[in-house]
Novice: 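Okay, here's the structure, questions in a sec.
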Number of protein chains: 2
Amino acid sequence: MPKDRAPTRIQKKNRAAILEAALNVFSAHGFRGSTVDQIAAEAGLSKPNLLYYFPSKEAIHTELLSGLLETWLAPLHDLDEDGDPMEEILAYIRRKLQMSQELPRESRLFANELVQGAPRIHEALSKDLKELVDEKTVILTRWMDQGKIARVHPYHLMFSIWALTQHYADFEVQVRAILGEEDPFEGADPFVDTLYRKLLTP
Amino acid sequence: MPKDRAPTRIQKKNRAAILEAALNVFSAHGFRGSTVDQIAAEAGLSKPNLLYYFPSKEAIHTELLSGLLETWLAPLHDLDEDGDPMEEILAYIRRKLQMSQELPRESRLFANELVQGAPRIHEALSKDLKELVDEKTVILTRWMDQGKIARVHPYHLMFSIWALTQHYADFEVQVRAILGEEDPFEGADPFVDTLYRKLLTP
DNA sequence: TCTTGATTTGACCATCTGGTCAAACTCACG
DNA sequence: CGTGAGTTTGACCAGATGGTCAAATCAAGA
């Protein structure tokens, strides 16, 4: 294990390679379905060498999850109470959909964790996520009070946005099995736009 | 392994117990995250005894999946082209939501499989599911042509229904982390009802 | 160039896991 | 009862897996 000085060039490169490889493997097979050997091979390292940079398989997984949680929640952070309500919400949705398209591995990493009861990020959910959602819920509710958007249950509105947008990454196989050659996001974008416009128009 | 005569009383009981236990374990930990010992313990059997009834861990999993697929798709089968369009669709959605509530293990069993690329049911997806969806899509499109419901992309309409309803089972931890004590389905039911009414009203 | 810390690895270990097997036990039925 | 099929299990095995360690190799600054 490297000392806690400033990381060397090699440390930076290898740690990054490991996390990248782990993202591939964990998102495709889940925690228990992934092996350290697999990750090491994908990162171009030997197993002992990988374990020189991270103390354990679990440590890699934890670091991935906590490192990516911020990225994952960023779009919601950006929801601006001073912007136009409908446009702010639609922009959030569009950005979430874009993340499904561009970061499907991240989406599936979280999906794997959540489906199995989120044993490793339960705390982050009921603290960081809950806090952020509650903060934004206040804004949504105010908009509803002002008649700027239709009144709906704000939590369920949030759930629906997450469900709809992440569905395209998490259940990509199913989507592709139905759509065939058609590009999923080509149709998804106007669909969700229409859906939330109709739902939220007062 | 029992001969292929009519199953005895004990065979019926034990096979049922094994499948029930396996549903618990597989839905909570995924295929690779589950062990035969776990399933055997949950079923109240020894490992060798369990393997007397099923040839392998994989065989249990496969039987579970294929056995439950029909149940899972039943609500869509029931979509009746002769009924009232809006009410038929809303009834389908309500039934899917109810299944999320009453059969969360089944939902998570499929979710686990799908997130990881559906290695074991890929075929069923692109055959049975695709076929059923295409059949019902024809009905939806006709309703749209007749102006009975608003025109939206029928495949994406289907995805949105699956995503929204199954979200409550598959990501239950997250939903509960946000909602706290509040009953998820209490709010979900009117929310999705409103959502699809607004979306589909011409 | 030399030295020292950083990096890499082959060999190894303990444990877990899916699966086997022969022997023992139980049950239903003639 | 007795008997043969159905059922159960302790002991066991092979391979996979997470992780360790001492020794070897490498890299960069003095």
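Below, read A as the first sequence line, B as the second, and so on, with proteins coming before strands; counting in each chain starts at 1.
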Novice: Ignoring backbone atoms, test whether B:Q11 places a side-chain nitrogen or oxygen under 4.0 Å from the OP1 or OP2 oxygen of D:dG6.
Specialist: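 No, B:Q11 has no side-chain N/O under 4.0 Å of OP1/OP2 on D:dG6.
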Novice: Test for a donor-acceptor pair under 3.5 Å between the base of D:dG19 and the side chain of A:K47, counting only N and O atoms.
Specialist: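 A donor-acceptor contact between them is present.
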Novice: Could you please name the option among C:dT8, C:dG18, C:dG19 that lies closest to any side-chain atom of B:S56?
Specialist: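 Taking heavy atoms from C-beta onward, the closest nucleotide is C:dG19.
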Novice: With a 4.0 Å cutoff (strictly under), does any side-chain N or O of B:N14 reach OP1 or OP2 of D:dT8?
Specialist: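 Yes, because at least one side-chain N or O of B:N14 sits under 4.0 Å from OP1 or OP2 of D:dT8.
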Novice: Tell me: CG of B:D37 to P of D:dT9, nearest whole Å?
Specialist: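 My rounded result for the distance is 13 Å.
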Novice: Tell me the interatomic distance from A:R15, atom CZ, to C:dA6, atom C1', rounded to whole angstroms.
Specialist: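 Taking atom C1' of C:dA6 as the reference, CZ of A:R15 is at 15 Å.
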Novice: Find the distance A:E58:CD to D:dG19:C1' and express it as a whole number of Å.
Specialist: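 The answer, rounded to whole Å, is 14 Å.
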Novice: Is the gap between the ring centers of A:F31 and A:H61 under 6.0 Å?
Specialist: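 Yes, the ring centres sit under 6.0 Å apart.
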Novice: For B:I10 and for B:P48, find the nucleotide of DNA chain D with the closest heavy atom, then tell me which residue's nucleotide is more 5'.
Specialist: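 It is B:I10, whose closest nucleotide lies nearer the 5' terminus.
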Novice: B:I18 CD1 to D:dT8 P: how many Å, rounded?
Specialist: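 Distance check: B:I18 CD1 to D:dT8 P gives 9 Å.
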Novice: From NZ of A:K57 over to P of C:dT15, roughly how many Å is that when rounded to an integer?
Specialist: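 Distance, rounded to whole Å: 18 Å.
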Novice: May I ask you to verify if any side-chain N or O of B:R32 is less than 4.0 angstrom from the OP1 or OP2 atom of C:dT17?
Specialist: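 No.
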Novice: Closest to the A:V36 side chain: D:dT8, C:dT9, D:dG19?
Specialist: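 The listed nucleotide nearest to A:V36's side chain is D:dG19.
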Novice: Nearest 0.5 angstrom please: B:L23 CG to B:I18 CD1, how far?
Specialist: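 It is 13.5 Å, given to the nearest 0.5 Å.
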Novice: Which distance, rounded to the nearest 0.5 Å, do you find between the CZ of B:F171 and the CG of A:L125?
Specialist: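 So the gap between those two atoms works out to 11.5 Å.
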Novice: Within the pair B:N49 and D:dT7, is there a side-chain N or O less than 4.0 Å away from OP1 or OP2?
Specialist: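 Looking at the OP1 and OP2 atoms of D:dT7, neither is under 4.0 Å from any side-chain N or O of B:N49.
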Novice: Rounding to an integer number of Å, can you tell me how far A:K13 NZ sits from C:dA6 C1'?
Specialist: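 That distance rounds to 13 Å.
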Novice: About how many Å separate CG of B:L109 and CG of B:N24, when rounded to the nearest 0.5 Å?
Specialist: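 Nearest 0.5 Å value for the CG-CG distance: 11.0 Å.
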Novice: Round to the nearest Å and state the distance from A:L50 atom CG to D:dG18 atom P.
Specialist: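 Taking CG of A:L50 and P of D:dG18, I get 11 Å after rounding.
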Novice: For D:dC21, does OP1 or OP2 lie under 4.0 Å from any side-chain N or O of A:Y52?
Specialist: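 Checking D:dC21 against A:Y52, no side-chain N or O comes under 4.0 Å of OP1 or OP2.
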Novice: Check the distance between D:dG19's P and A:L45's CG and give it to me in whole angstrom.
Specialist: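 So the two atoms are 16 Å apart, to the nearest Å.
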Novice: Under 4.0 Å from OP1 or OP2 of C:dT8: is there any side-chain N or O of A:Y53 that close?
Specialist: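 So the side chain of A:Y53 is within the cut-off, an N or O lying under 4.0 Å from OP1 or OP2 of C:dT8.
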Novice: In terms of the nearest nucleotide of DNA chain C, which residue is placed more toward the 5' end: B:P55 or B:R9?
Specialist: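 First, find each residue's nearest nucleotide; the 5'-ward one identifies B:P55.
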Novice: Would you indicate which nucleotide in C:dT20, D:dT20, C:dT7 comes nearest to any side-chain atom of A:L51?
Specialist: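 Looking only at side-chain atoms, A:L51 lies closest to D:dT20.
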Novice: To the nearest 0.5 Å, what is the distance between CG (B:L114) and CD1 (B:I121)?
Specialist: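 Separation between the atoms: 5.0 Å.
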Novice: Any salt bridge linking B:E63 with B:R15? Criterion: basic side-chain nitrogen under 4.0 Å from a carboxylate oxygen.
Specialist: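 Judged by the 4.0 Å cut-off on N to carboxylate O distance, B:E63 and B:R15 do form a salt bridge.
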Novice: If you compare every side-chain N and O of B:T8 against the phosphate oxygens of D:dT7 (OP1, OP2), does one of them come in below 4.0 Å?
Specialist: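 Answer yes for this pair, as a side-chain N or O of B:T8 is under 4.0 Å from OP1 or OP2.
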